[in-house]
Protein chains: 2
Amino acid sequence: MTVHLRASEALYLWRSAMLAMVRNDGPDLTQRQLTILLQIYLEPPPHTVRGLAALLGVTKPVITRALDTMGAMGLVHRTRDKTDRRNVVIQRTVEGSEYIEQLGRIIVRQGEELGV
Amino acid sequence: MTVHLRASEALYLWRSAMLAMVRNDGPDLTQRQLTILLQIYLEPPPHTVRGLAALLGVTKPVITRALDTMGAMGLVHRTRDKTDRRNVVIQRTVEGSEYIEQLGRIIVRQGEELGV
DNA sequence: AACTATCGTTTCGCTACCGTATCAGTTTGC
DNA sequence: GCAAACTGATACGGTAGCGAAACGATAGTT
């Protein structure tokens with residue numbers, strides 16, 4: 001890339017990658033769900049419901065529901081914290097890692113095709 | 001940016017921008033809706049329902065419903081094609097332009113903070 | 001032991017999305 | 001002129017999201 005990403009470049013990149021994701025027929029995650037998933041896989045653990053809720057600026061049920069959905073898809077896994085059983089620790093899965101890696105590849109590929 | 005966007009950089013950029021969008025409390029568009037909106041604003045007209053459906057690889061009702069929703073939000077506008085009244089021409093709005101511009105600014109800002 | 005605080009989940013009523021099938025209106029082709 | 005083709009919209013039944021409120025389980029406090 002050049003010195004910085006320009007707005008128009010950014011938007012073209014965004015559209016291309018989103019288009020590839022939509023056409024890909026994979027899990028159709030909401031923006032919130034994808035944000036949660038990225039946070040889990042990009043930042044070191046532990047990840048908790050309340051932490052994610054605070055980060056995203058949403059209520060806790062939003063996180064619980066998103067984890068329900070993505071858990072059913074196999075993208076994340078939940079376990080009770082053994083030291084404080086009120087907490088739930090959100091863990092990564094192989095399937096989730098593969099999804100994130102695929103997303104990264106899609107963005108990079110679209111960026112290359114745009115010369116970004 | 002350097003020579004190319006690496007996968008990890010791409011994912012961090014993606015997460016940061018999506019996080020900013022989620023926290024922004026703006027219209028909560030689905031991935032499909034946002035893809036449609038970007039297509040309308042980045043590519044020259046005319047844009048039609050069938051064209052967008054073919055591009056995204058979805059059925060026509062998906063496009064109609066997305067346009068219903070985004071139309072109610074003021075992000076797009078629909079008009080009948082005068083030369084062929086079967087067609088509907090999808091048009092941009094000031095509000096939609098502002099939304100897209102804001103999205104571009106968010107991505108660029110997050111990219112700058114990541115040094116991408 | 002009893003009270004309080006915290007954590008994640010569940011419930012409620014509601015809204016919006018999905019895919020499939022079908023629709024009315026318009027144009028095309030014979 | 002009239003049937004076929006095509007466009008976008010609509011109906012249907014089902015699924016999943018939302019915010020607000022309440023809940024059960026656990027931990028901390030006195």
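What you see below is based on every heavy atom in this structure, not just the backbone, and it leaves out hydrogens, waters and symmetry mates.
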| message | Taking the side chain as everything from C-beta on, heavy atoms only, tell me whether A/L19 gets closer than 4.5 Å to A/Q110. | response | no
| said: Quiz question: by atom type and distance under 3.5 Å, do the side chains of B/E113 and B/S16 form a donor-acceptor pair? | reply: no
| query | Which pairs, with at least one residue in residues 55-73 of chain B and sequence neighbours excluded, count as a side chain to side chain donor-acceptor pair (under 3.5 Å)? | reply | B/D68-B/R78
| message | How close do A/Y41 and A/T93 get, counting heavy atoms only, and between which atoms? | response | OH-N, 2.8 Å
| note | Atom CZ of A/R78 and atom P of C/dG8 are separated, to the nearest Å, by 11 Å
| request: Using side-chain contact (heavy atoms from CB on, under 4.5 Å) as the criterion, list what pairs up with B/L29, not counting sequence neighbours. | output: A/Q31, B/P27, B/Q33, B/L34, B/L37, B/M70, B/M73, B/L75, B/Y99
| request: State, yes or no, whether a side-chain contact exists between A/V62 and A/R32 at a heavy-atom distance under 4.5 Å. | output: yes
| said: Which residues pass the side-chain contact (heavy atoms from CB on, under 4.5 Å) test with A/E43, not counting sequence neighbours? | reply: A/Q39, A/H47, B/Y12, B/R15
| task | Provide, to the nearest angstrom, the distance between the CZ atom belonging to A/R80 and the C1' atom belonging to C/dT6. | result | 12 Å
| Side chain proximity check, B/I100 to B/I40, heavy atoms < 4.5 angstrom | no
| Where along residues 64-71 of chain A does a heavy atom fall under 4.0 Å from DNA chain D? | A/R65, A/T69
| Whole Å only: how far is the NZ atom of A/K60 from the P atom of D/dC18? | 16 Å
| message | When you compare the side chain of B/V76 with that of B/I36, does any pair of heavy atoms fall below 4.5 Å? | response | no
| field | Stretch residues 27-51 of chain B: residues that reach within less than 4.0 Å of DNA chain D through a heavy atom | value | B/T48, B/V49, B/R50
| message | Does any part of the side chain of B/V89, heavy atoms only, come nearer than 4.5 Å to the side chain of B/P45, both counted from C-beta? | response | no
Quick one: which protein N/O atoms are closer than 3.5 Å to N/O atoms of nucleotides 25-30 of chain C? Pair and distance per line, please.
from: C/dT27; atom 1: OP1; to: B/R85; atom 2: N; distance (Å): 3.1

